[in-house]
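In what follows, residues are counted from 1 in the order of the sequence shown. Note: hydrogens, waters and symmetry copies are ignored here, and every other heavy atom, side chains too, is used.
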Amino acid sequence: MKHISVIIPVYCEEFHLRRLLPYLRKYLKSEDEIIVVDAQSNDDSKKIVTSLGEIFVSNEEKCRAAQMNLGTSHSSGQILYFLHADAIPPTTFRNDIIAAIGEGYSLGSYPFRFDIDKWYLRINEFCTRFNYLFFRGGDQSIFITKDLFETLGGYDPYYCVMEDFEFLKRARKVSKFKIMKGPIIVSARKYILNSYFKVNLANFKAVWMFKRGVHPGIIRKSYAQILAQDHERY
C-alpha cells in the first residue's frame, strides 16, 4: 500500500495550521505523514504542529524550494504532496492522488477556487482548469511520486521565488500532468490586501522576468514592490 507524505512549507502560519492539520489528518491514512517545514517563524507554528503529533522541521531561511527539499529528505512516503498552509484540498484529495497514479500519472495538481466569491476572481479560477504551465502554481498543490522528484533533483533553491513554476517546467517534460477535478480552496488574502489589478500585474511581471532569465532575487524584490504582504508571509 502506497502512503503519502504531505509537505507544507510555512512562515508565520499558525492561524491556518490550526485549521489545516486536523482537516488533513481526518482524510489521511494512519501510515501517511504530515511534515511542516518552518522558516524560523516567531509565532506558535511549532507548538501547534507538535501538539497535534505531526512532524515539525526547521529550515534556516525563508525559501520554499529549500523548505520543500528539506521536508522531502525527512519523508518516508512513496508519494509527495506539496501544499500551502492557506489552501484546503477537497475531502477526496487522498483518493484523487492514488487514482491519478493508478491511471499512470506521476505528477498533477488541482484547479482552484478562492475562499471569497467575487466575479472577477472567477476569471483566474476558470483559467486553472487548463493544462498550460502559465496557469499552474504551488497554491494549487502538487502531487508527485518520490521517484520522479528524486530523478528531477527536487526543487532548485536558486529560485527564492517562482520555484514551483521552474520545477513544473522541468517535470512536465518527462511526465504526464494530471489536472484533477477538485477544486482546491485557496486564500484570496493577497487580493484583499492589494487589488485584483495589482496582484495580476505582479504575477504577469514575475512570469515575464522569469522567462527572460532575470535573477530570482530581483523578481522577488519587484514582486514585493508591487504588493503589500501579510506579515511578510509568502
Side-chain angles (χ1 to χ4, degrees), residues 3-77 79-91 93-94 97 109-110 112-116 137-143 154-155 157 159-164 183-194 199 202 220-221 223-224 227-234:
H3 69 280
I4 296 175
S5 296
V6 183
I7 299 173
I8 309 169
V10 302
Y11 177 73
C12 294
E13 292 285 11
E14 63 175 322
F15 173 80
H16 291 101
L17 288 173
R18 291 182 191 277
R19 174 187 63 172
L20 177 63
L21 298 184
Y23 175 89
L24 293 175
R25 182 50 63 189
K26 183 177 180 181
Y27 300 105
L28 289 169
K29 302 291 186 182
S30 59
E31 62 269 22
D32 298 327
E33 59 191 5
I34 300 173
I35 303 172
V36 176
V37 189
D38 181 68
Q40 307 299 316
S41 297
N42 56 9
D43 64 0
D44 286 334
S45 292
K46 181 176 181 179
K47 181 178 179 180
I48 293 165
V49 175
T50 56
S51 68
L52 292 172
E54 309 300 352
I55 301 170
F56 180 89
V57 182
S58 182
N59 193 61
E60 293 183 359
E61 60 178 327
K62 188 169 68 170
C63 172
R64 275 204 188 112
Q67 288 171 251
M68 291 186 287
N69 286 343
L70 181 60
T72 300
S73 72
H74 285 79
S75 69
S76 61
I79 304 166
L80 306 173
Y81 184 44
F82 297 103
L83 180 68
H84 290 183
D86 61 353
I88 300 291
T91 60
F93 74 92
R94 190 186 194 281
I97 294 170
S109 70
Y110 285 102
F112 70 56
R113 189 174 75 232
F114 286 106
D115 58 0
I116 59 172
D139 53 356
Q140 298 158 37
S141 72
I142 297 170
F143 83 82
Y155 285 90
Y159 290 91
C160 57
V161 68
M162 303 296 289
E163 73 289 332
D164 291 310
I184 187 171
I185 307 301
V186 303
S187 173
R189 60 185 176 182
K190 285 184 181 179
Y191 293 89
I192 295 170
L193 282 169
N194 298 276
V199 174
R220 188 173 191 171
K221 184 177 180 180
Y223 196 83
L227 300 182
Q229 299 297 307
D230 184 6
H231 301 297
E232 296 186 355
R233 292 172 181 154
Y234 294 110

Taking all heavy atoms of [X] and all of [Y], pick out the closest pair and write down the distance.
X      : Y     : value
Phe56  : Ser45 : CE1-C, 4.2 Å
Lys62  : Ala39 : CA-CB, 3.5 Å
Val10  : Ala85 : CG1-CB, 3.9 Å
Pro183 : Pro90 : O-CD, 3.6 Å

Quick check against the 3.5 Å criterion: does [X] have a side-chain atom that pairs as donor or acceptor with the backbone of [Y]?
X      : Y      : result
Ser41  : Asp43  : no
Glu33  : Ser76  : yes
Asp38  : Ser58  : no
Tyr23  : Pro89  : yes
Gln67  : Val37  : yes
Asn69  : Ala66  : no
Asn194 : Lys190 : yes
Asp86  : His16  : no
Ser109 : Ile142 : no

Does any part of the side chain of [Y], heavy atoms only, come nearer than 4.5 Å to the side chain of [X], both counted from C-beta?
X      : Y      : result
Leu24  : Leu83  : yes
Pro22  : Leu52  : yes
Lys29  : Arg94  : yes
Tyr223 : Val161 : no
Ile8   : Ile35  : no
Ile55  : Ile34  : no
Phe93  : Tyr81  : yes
Ile88  : Ile184 : no

Check: Tyr155 ring centroid to Phe82 ring centroid under 6.0 Å: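 Here the rings of Phe82 and Tyr155 have centres that are less than 6.0 Å from each other.
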
Trace of the ring pair (Phe, Tyr, Trp, His ring centres under 6.0 Å) decision for Tyr110 with Phe112: CA-CA 6 Å; Tyr110 285 102; Phe112 70 56; over 10 Å; no

Nearest 0.5 Å please: distance from the [atom1] atom of [X] over to the [atom2] atom of [Y].
X     : Y     : atom1 : atom2 : result
Cys63 : Leu70 : SG    : CG    : 11.0 Å
Phe15 : Leu20 : CZ    : CG    : 11.5 Å
Asp44 : Arg18 : CG    : CZ    : 6.0 Å
Gln40 : Glu61 : CD    : CD    : 10.0 Å
Ile48 : Glu14 : CD1   : CD    : 5.0 Å
Cys12 : Asn42 : SG    : CG    : 4.0 Å

Steps toward side chain to side chain contact (heavy atoms under 4.5 Å, CB included) verdict (Asp32, Ser5): CA-CA 6 Å; Asp32 298 327; Ser5 296; over 6 Å; no

Residue among Leu17, Val49, Val6 satisfying side-chain contact (heavy atoms from CB on, under 4.5 Å) with Glu54: Val49

Arg189 and Glu13 ion-paired at < 4.0 Å: yes

